[in-house]
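Worksheet: the structure to be examined is printed underneath.
Keep in mind that the numbers below use all heavy atoms, side chains included, and drop hydrogens, waters and symmetry copies. The chain is numbered in sequence order, starting from 1. Since the structure is predicted, the reported quantities are computational estimates derived from the model, not experimental observations.
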Amino acid sequence: LKEHGQWRDAYGFPALLAAPATPEDAFIARWWPDGLLEGSDLKGRPVQLIRLGKADLPGIEREVGREKWIQYCCLKNEALFEEIRQRCLAQNTFETSAPLIMDMRDLGSHHAWGVPVFKSMLDVTEPNFPERLSATYIVNAPVIFSWLYGMVKGFLNPGTAAKVRVFGASDDHLSALLEVMPRSTIPTDLGGVLCGNHRRVDGVGRLKFGLHTGQGPRRRRLEAAALESGPAAHVRRGAGLPRRRRAHRQGHVRAVLCVC
């Protein structure tokens, strides 16, 4: 606890908690497919779901910077701890961790470009938010997952790695999930009965690696502000770009910000 307190002071964590949300925060929240499922597990804890197969970490890094991405992940961990604490107070229980589901549907070789970003995040969050995970359920893992996980597993703390359970696309992940959470908490596409996407992340997955367009800071801020109030399909393509580049960008960005 002493080391964690020293890290929080050195990292400027109190200032991060007090700082207002930025356009970069809104951008990450819009395009990083992560959130809490409605309901809870059998112990009353929140259940986190990450659609990692739909993520574009290199693109997020390119648009907001690696440090901002890591700060965002730290704040998400802090928010999860607070969610666990509030539920424990309401239920008169004591828990410090929660389960995580990672959906690997659509995972491909291009995700290898995100490994350095993922490692940088783990280097900060693992030692400073220990025991956050009670278990990690990796579901819908394609064949290529073994190769990608081999690149990541070496970064993991042995205790964290021991909590990971991997299920291929044809494996029965539902039985394992039902051991720790009710069917009403599991989304329908994973075998449960929870309709819609997970809380605060409706509509994720539309970016489709489109952040590789190299859009500049002004475009990013315009887009982030627009995304806070409407779906990606309503963003003005080419807004804020010089006229001579607009025609090219309109066609390019239209393919990027598709609604699918």
Side-chain angles (χ1 to χ4, degrees), residues 28-37 41 46-61 69 72-73 76-77 80 97-122 125-126 132-157 160-181 183 185-212 258 260:
I28 299 172
R30 184 66 180 83
W31 296 120
W32 174 239
D34 164 38
L36 299 181
L37 293 168
D41 71 354
V47 179
Q48 185 180 10
L49 172 62
I50 301 177
R51 306 278 191 181
L52 194 59
K54 296 184 180 298
D56 178 12
L57 280 179
I60 290 175
E61 179 188 23
W69 156 249
Y72 180 86
C73 291
K76 290 285 284 187
N77 275 276
L80 179 61
S97 61
L100 166 66
I101 304 172
M102 300 186 77
D103 184 7
M104 298 295 171
R105 187 184 287 110
D106 298 330
L107 193 76
S109 58
H110 44 264
H111 282 88
W113 295 103
V115 171
V117 190
F118 197 74
K119 178 184 182 301
S120 297
M121 180 269 292
L122 289 176
T125 58
E126 267 210 309
R132 186 194 68 78
L133 295 175
S134 61
T136 299
Y137 300 89
I138 295 175
V139 303
N140 294 320
V143 175
I144 199 171
F145 172 79
S146 297
W147 172 60
L148 290 172
Y149 188 53
M151 300 172 66
V152 173
K153 191 174 182 179
F155 309 151
L156 298 177
N157 178 287
T160 301
K163 298 176 182 178
V164 176
R165 300 181 64 179
V166 181
F167 300 88
S170 60
D171 294 337
D172 181 19
H173 63 260
L174 181 60
S175 296
L177 294 178
L178 289 174
E179 292 176 1
V180 296
M181 65 189 73
R183 191 180 294 267
T185 299
I186 304 170
T188 54
D189 65 317
L190 297 182
V193 296
L194 178 64
C195 295
N197 285 315
H198 43 317
R199 179 155 47 114
R200 297 189 298 274
V201 203
D202 289 344
V204 299
R206 293 173 181 164
L207 194 53
K208 297 286 180 137
F209 306 92
L211 289 172
H212 295 284
C258 60
C260 43

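Nearest heavy-atom pair, Pro116 versus Ala112, reported as atom, atom and distance to 0.1 Å: CD-O, 3.9 Å. For the pair Pro99 and Pro46, the tightest heavy-atom approach, listed with the atom from each and the gap, is CD-O, 3.5 Å. Scanning all heavy atoms of the two residues, the minimum distance from Asn140 to His173 falls at OD1-CE1, 4.1 Å.
Within the 3.5 Å criterion, the main-chain N or O of Gly53 finds a donor-acceptor partner in the side chain of His111.
Partners of Pro142 by side chain to side chain contact (heavy atoms under 4.5 Å, CB included), not counting sequence neighbours, listed by chain and number: Met104, Leu107, Ile144, Phe145. Checked against salt bridge (charged side-chain N to carboxylate O under 4.0 Å, His left out), Lys119 has the following partners two or more places apart in sequence or in another chain: Asp123. The side chain to side chain contact (heavy atoms under 4.5 Å, CB included) check on Arg183 picks up Leu174, Leu178, Val193, with sequence neighbours excluded. Residues satisfying the salt bridge (charged side-chain N to carboxylate O under 4.0 Å, His left out) test with Asp103, not counting sequence neighbours, are Arg51, Arg105.
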Residues 162-171, side-chain donor-acceptor partners within the protein, below 3.5 Å, at least two apart:
unit_1: Lys163; atom_1: NZ; unit_2: Glu131; atom_2: OE1; d: 2.9
unit_1: Lys163; atom_1: NZ; unit_2: Leu133; atom_2: O; d: 2.8
unit_1: Asp171; atom_1: OD2; unit_2: Gly168; atom_2: N; d: 2.6

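Annotation: side chain to side chain donor-acceptor pair (under 3.5 Å) contacts involving residues 142-157, sequence neighbours excluded, are absent.
For the pair Leu57 and Trp32, the minimum side-chain heavy-atom distance is below 4.5 Å. In this structure the side chain of Asp56 never reaches within 4.5 angstrom of the side chain of Trp31, judged on heavy atoms. Side-chain contact between Thr160 and Leu122: absent, with no pair of heavy atoms (C-beta onward) separated by less than 4.5 Å. Considering only heavy atoms from C-beta on, Asp41 stays 4.5 Å or farther from Thr185 through its side chain.
Between Trp69 atom CH2 and Met121 atom CE the span is 5.5 Å, to the nearest 0.5 Å. To the nearest 0.5 angstrom, Ile101 atom CD1 is 4.0 Å from Met181 atom CE.
Screening Leu194, Leu100, Asp34, Leu190 for a side chain to side chain contact (heavy atoms under 4.5 Å, CB included) with Leu49, the sole residue that qualifies is Leu190.
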